[in-house]
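The structure under discussion appears below in the form of structure tokens.
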Amino acid sequence: MATPTSGGITAYSVKTKTKNVPMIDPVIDVKSGRYIATGKDSAGNKMAAIMSKATAEGHISSGAATKGSGW
């Protein structure tokens, strides 16, 4: 689940098994009605987080993420 931390998007890293890892350059896409933020962590590992519409729009309006396809 994506959580706001100082304006950025954080997610769980499956590879390193750590929580609240900040995403670098996240892009929020809409796929099958779900809002999914995809990005990379500082080590270059791919990450994804599912969030609500309100959270996604909040991250986009604050400039923490960019819109992807499907909007």
Side-chain angles (χ1 to χ4, degrees):
M1 180 164 107
T3 57
T5 302
S6 68
I9 298 175
T10 61
Y12 178 76
S13 176
V14 176
K15 187 168 186 176
T16 61
K17 294 183 176 33
T18 52
K19 294 181 181 179
N20 297 327
V21 178
M23 270 191 205
I24 299 172
D25 297 329
V27 176
I28 299 177
D29 291 323
V30 180
K31 297 178 184 173
S32 300
R34 294 186 179 109
Y35 295 84
I36 303 172
T38 55
K40 294 185 178 185
D41 64 0
S42 59
N45 301 317
K46 291 182 181 179
M47 300 173 63
I50 298 173
M51 61 187 68
S52 68
K53 180 180 181 180
T55 305
E57 289 175 347
H59 285 300
I60 291 170
S61 66
S62 69
T66 57
K67 281 186 178 182
S69 61
W71 286 83

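Positions are given from 1, in the same order as the sequence printed here.
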### Task
Only counting residues at least two apart or in another chain, list the ones meeting side-chain hydrogen bond (donor to acceptor under 3.5 Å, both in side chains) with S52.
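Testing S52 for side-chain hydrogen bond (donor to acceptor under 3.5 Å, both in side chains), a comparison that skips the adjacent residues, returns T55.
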### Task
With sequence neighbours left out, write down each residue that passes side-chain hydrogen bond (donor to acceptor under 3.5 Å, both in side chains) with S32, or none if nothing qualifies.
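Applying side-chain hydrogen bond (donor to acceptor under 3.5 Å, both in side chains) to S32 gives none.
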Compare every heavy atom of [Y] with every heavy atom of [X], then report the nearest pair and how far apart it is.
{"X": "H59", "Y": "G8", "result": "CE1-O, 3.7 Å"}
{"X": "I60", "Y": "K67", "result": "CD1-CG, 3.6 Å"}
{"X": "S13", "Y": "T16", "result": "OG-OG1, 2.9 Å"}
{"X": "S61", "Y": "G58", "result": "OG-O, 3.1 Å"}
{"X": "A49", "Y": "A11", "result": "CB-CB, 3.9 Å"}
{"X": "M51", "Y": "A37", "result": "CE-CB, 3.5 Å"}

### Query
Could you give all pairs that pass the ring pair (Phe, Tyr, Trp, His ring centres under 6.0 Å) test and reach residues 16-50, with sequence neighbours left out?
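Matches after skipping sequence neighbours: Y35-W71.
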### Task
Rounded to the nearest 0.5 Å, what's the gap from CD1 on I24 to CD1 on I9? Could you check?
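Spacing of CD1 (I24) from CD1 (I9) equals 12.5 Å.
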### From CD1 (I28) to CD1 (I36), nearest 0.5 Å
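Rounded to the nearest 0.5 Å, the CD1-CD1 separation comes to 11.0 Å.
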### Task
Verify, without hydrogens or angle tests, whether D29 (side chain) and K31 (backbone) share a donor-acceptor contact under 3.5 angstrom.
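Absent.
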### Query
With side chains defined as the heavy atoms from C-beta onward, is the minimum distance between D41 and K15 less than 4.5 Å?
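Heavy-atom side-chain distance check fails, nothing below 4.5 Å.
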